[in-house]
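Treat the numbers as computed from the prediction; the structure is a model and nothing was measured.
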Amino acid sequence: MPDDGRRTVTPPSPPPSHPPSMPPNASSAPVGPPVRVGEVRVLDGPNLYFTRPAIKVSLHLPGYVQLSKDEALDVADRVGLRSARPGGAGTALRQRFVMRLTRTVMRRLASGIGAGRHGVKVRAGATPADVVVAFPWADRTRGRMAGEQLGEVLLALLSDGGQARRAIEAAAETILDAPEGSGPALVAPAVPVVSVTGTNGKTTTTRLLAHMCMTAGMTTAWSSTDGVVVMGRTVQAGDYSGPAGAQAVLATPGLDVGILETARGGLLLKGMGVTVNDVSVVTNVSADHLGLQGIDTLDQLAEVKAIITTVTRPGGWVVLNGEDPRVWAMRARAKAKPWAFTLDPDSPALWESLNSGGRGITVLEGEIVVLSPNGDPDRLVKVVDVPMTMSGLSRHNVANALAGTAAALGLGVPRAAVVEGLRTFSPDPVHNWGRLNTYSLPLPSGGSATVIMDMAHNEAGLEALLEVARGLTAPGGYVRLALGCAGDRPDEAIAGMGELAGRGADEVVIKGTAHYLRGRAPEELADLLRAGLARAGVLGVPELDTEVESLAHLAAHAVDGDTVAVMCHSERVEVDGWVRARGGRVDDARAIRCKVVTARGEHELEGEIAGVWSLEDPTARVEAARRLLAAGPGDARLLHEYAATLDAAGREAEAIGLYERALAAGLREPHRHRGQLQLAACLRSGGRLDEALGLLDAVSSARPGNAAALILRALVLADLGQDRRAVGDLIRALLEASADPDTQHYRDTLARYAAELAPEPARPLA
């Protein structure tokens with residue numbers, strides 16, 4: 001059997017002639033052995049307990065928890081535990097007593113094998129009967145044996161008259177008789193190393209930092225949840241976010257810098273893969289995988305993430321999220337200097353960092369700036385010029401950019417290479433595979449939809465994905481989401497993701513996650529997601545077997561300007577291929593920026609357009625708009641603005657054709673209905689009254705409360721000799737626009753007059 005660093009041991013029950021003492025309510029006592037060693041785990045590197053290799057022993061001690069007070073005091077006396085206060089059976093106080101007792105026994109056992117005053121740390125487990133013991137080791141075999149023998153000693157002490165000295169001597173002899181084992185296989189880095197951890201953003205920050213290092217001409221290797229990569233080429237695929245990834249990275253020939261994504265699982269199950277790092281980065285701490293390996297709360301998870309900061313060289317940097325209190329608190333245990341990153345330039349963390357001799361990085365007036373204690377802000381680059389931020393839309397990627405930049409500068413990467421790296425690292429399949437990869441997908445009905453493929457895997461990731469999806473969706477468009485997650489999360493966390501999806505998306509399907517069920521039945525996972533969706537009022541959500549099927553289903557419903565977001569975990573290659581096979585293309589930075597400004601109802605040349613209308617001379621305005629259009633002759637918005645300048649200059653006849661071209665080119669809201677109104681006004685001026693009336697009827701139908709459309713329609717009707725209908729329209733326009741109290745008081749009566757004058761069906765105004 002391969003050595004995975006752990007062993008599960010169940011010591012034999014004590015002989016019937018020496019039963020463990022039990023309290024009067026023994027009938028309610030737990031069934032099973034009074035002492036059980038649940039696991040002996042070998043941690044090869046810095047870990048939750050020590051900054052060096054350690055043995056972790058998980059103990060289940062119901063026999064001690066159920067002792068009477070007198071019996072507990074007797075055991076304490078036999079092991080030399082003074083001033084003991086065992087508390088009542090089964091209480092939290094008893095658990096603390098058992099923890100002290102266990103620490104004392106382990107120290108005596110270490111002394112018995114000649115280890116001297118051995119460091120021992122003890123923690124409470126999930127129940128009063130559960131205790132975790134940890135101690136450093138130098139010999140793998142004997143260290144593991146010591147963990148097993150701890151259970152034997154504790155079992156022996158429960159026997160009537162069990163002698164501590166005799167039990168410890170026997171255990172020590174067993175340990176010393178074991179053959180010598182290997183020592184720790186820790187890697188002492190010969191090159192600068194950066195460790196990156198956090199709940200979200202680890203992989204993106206790792207890749208960005210590697211890109212900056214390569215931009216500087218450094219031979220760079222990194223490990224992550226996707227594999228081991230050397231200079232952009234994957235040499236080992238799979239999850240290498242633990243010690244194996246560190247070893248593979250640092251074995252790279254000619255290496256200049258190693259970057260190690262460090263996940264919670266590796267930290268808990270094996271420890272860190274290196275003895276020390278030069279820079280550590282903690283992106284954030286949020287709910288993810290709680291309830292596993294004894295980590296049930298965010299505070300406990302933060303303690304695990306902080307491990308990488310405890311081994312950062314004193315002359316190095318700990319790059320910490322200043323907006324996350326749990327992360328910022330990690331500076332207290334670090335020997336290295338703090339470097340706070342935060343989107344808020346007024347964050348207290350920035351001043352705390354600077355006042356303690358550290359540095360800060362933030363966004364100031366739209367630029368990424370570095371702050372130092374004795375200098376002016378160093379302005380690196382505008383956020384909109386950093387492609388991974390999606391023109392500033394992706395707040396979590398802005399934070400990742402800050403973290404990666406601080407780490408690179410702290411590592412000594414030249415400033416120019418850092419800036420160039422920020423400008424050239426894109427959220428595409430080449431630079432950041434599977435993270436906010438954005439495509440434009442042509443639709444059979446015309447126009448295109450945006451497709452986002454992202455490995456959102458928890459609530460924070462889903463919130464970030466929905467924020468970006470909404471920010472890329474055209475006004476009036478829908479966000480359509482393929483929802484799914486892994487099964488190894490608490491029920492409430494899974495239901496919470498369903499609720500987030502129900503509140504943030506306009507259409508949802510549940511995608512199959514066959515490869516990530518992790519012990520759950522597929523229907524159980526889907527039911528939990530549906531329960532969360534129901535809390536948001538979303539019912540009848542379909543379930544599809546695969547991520548590709550989910551994408552196809554949503555894309556079939558999409559119309560121009562919609563966004564389809566896929567939480568993609570196992571079919572990234574297939575999803576990418578499906579989009580490309582249908583003419584989809586990866587969005588570059590310019591395409592993303594165009595979508596962002598369009599979603600805001602703006603244009604990427606919004607400033608230049610405003611400049612056109614700032615000109616007072618109508619002829620100058622027309623010429624400026626013509627020059628803008630020459631740079632983008634098929635652009636619907638620029639056609640519209642050129643037409644409007646001609647219109648404003650009294651050249652309505654010339655404007656008509658341009659307005660028509662703009663509408664035919666797909667002019668979007670909020671400019672589309674305005675273009676229709678302006679075109680109708682020009683048509684009226686040219687005597688084309690029936691065409692004008694048709695346009696105004698269309699706008700009034702789509703926007704029943706639009707007063708401008710009603711007024712223009714009234715004018716056209718008057719031109720056509722339909723005065724009574726014109727007056728009816730004007731009354732309705734007045735009712736829609738007026739806030740006068742008397743008008744509102746007589747609203748119903750006035751609306752009835754309007755209906756008498758214009759008998760065609762009208763929208764109720766009450």
Side-chain angles (χ1 to χ4, degrees), residues 199-205 207-208 283-284 286 343 363 383-404 425-429 431-441 448-485 497 500-508 511 547 550-551 554-555 558 561-569 572 575-576 579 584-602 604:
T199 304
N200 297 91
K202 297 186 296 295
T203 301
T204 296
T205 303
R207 290 170 173 171
L208 170 63
T283 59
N284 50 52
S286 62
L343 276 66
V363 176
V383 170
V384 295
D385 292 330
V386 180
M388 66 179 289
T389 71
M390 310 184 88
S391 292
L393 173 64
S394 176
R395 285 178 54 84
H396 75 287
N397 264 350
V398 175
N400 292 337
L402 296 179
F425 184 83
S426 298
D428 58 31
H431 293 95
N432 206 18
W433 176 233
R435 272 73 176 177
L436 289 181
N437 299 158
T438 306
Y439 306 78
S440 291
L441 175 68
S448 66
T450 296
V451 174
I452 308 175
M453 177 174 68
D454 185 68
M455 198 178 176
H457 60 283
N458 54 29
E459 290 170 273
L462 177 56
E463 283 182 313
L465 174 59
L466 288 170
E467 178 185 40
V468 170
R470 185 61 66 187
L472 293 175
T473 302
Y478 277 17
V479 171
R480 306 178 190 272
L481 175 71
L483 169 69
C485 67
M497 293 183 73
L500 277 174
R503 297 189 187 284
D506 301 295
E507 181 185 7
V508 180
K511 69 181 187 65
E547 291 167 351
S550 301
L551 168 59
L554 294 170
D562 284 358
T563 296
V564 177
V566 183
M567 298 174 68
C568 196
H569 304 127
R572 280 178 282 177
V575 165
D576 177 85
V579 174
R585 66 181 187 279
V586 177
D587 288 338
D588 58 17
R590 185 181 183 281
I592 291 173
R593 186 170 181 177
C594 182
K595 288 181 178 181
V596 170
V597 297
T598 299
R600 295 172 182 164
E602 300 173 355
E604 60 181 327

| request: Locate the shortest heavy-atom distance separating Val383 from Thr389; write the atom from each residue and the value. | output: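 Heavy-atom minimum between the residues: O-OG1, 3.0 Å.
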
| field | Test side-chain hydrogen bond (donor to acceptor under 3.5 Å, both in side chains) applied to Thr563 - qualifying residues, sequence neighbours left out | value |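 For Thr563 the side-chain hydrogen bond (donor to acceptor under 3.5 Å, both in side chains) partners, ignoring immediate neighbours, are Thr473.
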
| request: Name all residues meeting the side-chain hydrogen bond (donor to acceptor under 3.5 Å, both in side chains) criterion together with Ser550; count only those two or more places apart in sequence or in a different chain, and write none if there are none. | output: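 So Ser550 forms no side-chain hydrogen bond (donor to acceptor under 3.5 Å, both in side chains) with any residue.
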
| request: Measure from the side-chain N and O atoms of Glu547 to the backbone N and O of His569, and report whether any donor-acceptor pair falls under 3.5 Å. | output: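 Checked: pair present.
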
Find out whether [X] and [Y] are in side-chain contact, i.e. whether some heavy atom of one side chain is under 4.5 Å from a heavy atom of the other.
{"X": "Met455", "Y": "Trp433", "result": "no"}
{"X": "Arg435", "Y": "Arg207", "result": "yes"}
{"X": "Asn437", "Y": "Arg572", "result": "no"}
{"X": "Ile452", "Y": "Leu436", "result": "yes"}
{"X": "Leu554", "Y": "Val451", "result": "no"}

| request: Quick one: do Val579 and Leu551 satisfy side chain to side chain contact (heavy atoms under 4.5 Å, CB included)? Show the steps, please. | output: CA-CA 9 Å; Val579 174; Leu551 168 59; 3.9 Å; yes

| field | Audit row: Glu507, Asp562, side chain to side chain contact (heavy atoms under 4.5 Å, CB included) steps and yes/no | value | CA-CA 11 Å; Glu507 181 185 7; Asp562 284 358; over 6 Å; no

Let me have the donor-acceptor pairs involving side chains of residues 586-596, under 3.5 Å, with sequence neighbours excluded, atom names and distances please.
| residue | atom | partner | partner atom | Å |
| --- | --- | --- | --- | --- |
| Asp587 | OD1 | Ser440 | N | 3.4 |
| Asp587 | OD1 | Ser440 | OG | 2.7 |
| Asp587 | OD2 | Lys595 | NZ | 2.6 |
| Asp588 | OD1 | Arg590 | N | 3.2 |
| Asp588 | OD1 | Ala591 | N | 2.8 |
| Arg590 | NH2 | Glu604 | OE2 | 2.8 |
| Lys595 | NZ | Tyr439 | O | 3.4 |
| Lys595 | NZ | Ser440 | OG | 2.8 |
| Lys595 | NZ | Thr450 | OG1 | 2.8 |

| query | Quick one: ring pair (Phe, Tyr, Trp, His ring centres under 6.0 Å) partners of His396, sequence neighbours excluded? | reply |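 Residues passing ring pair (Phe, Tyr, Trp, His ring centres under 6.0 Å) with His396: none at all.
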
| query | Quick one: salt bridge (charged side-chain N to carboxylate O under 4.0 Å, His left out) partners of Asp576, sequence neighbours excluded? | reply |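 Scan of Asp576 (salt bridge (charged side-chain N to carboxylate O under 4.0 Å, His left out), adjacent residues dropped) gives Arg580.
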
| Inter- and intrachain pairs under salt bridge (Lys or Arg N to Asp or Glu O under 4.0 Å), touching residues 465-479, at least two apart |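 Every salt bridge (Lys or Arg N to Asp or Glu O under 4.0 Å) pair that includes a residue of residues 465-479, provided the two are not neighbours, is Arg470-Asp506.
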
| said: Nearest 0.5 Å, please: how far is OG1 in Thr204 from CG in Asn432? | reply: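 Answer rounded to 0.5 Å: 4.0 Å.
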
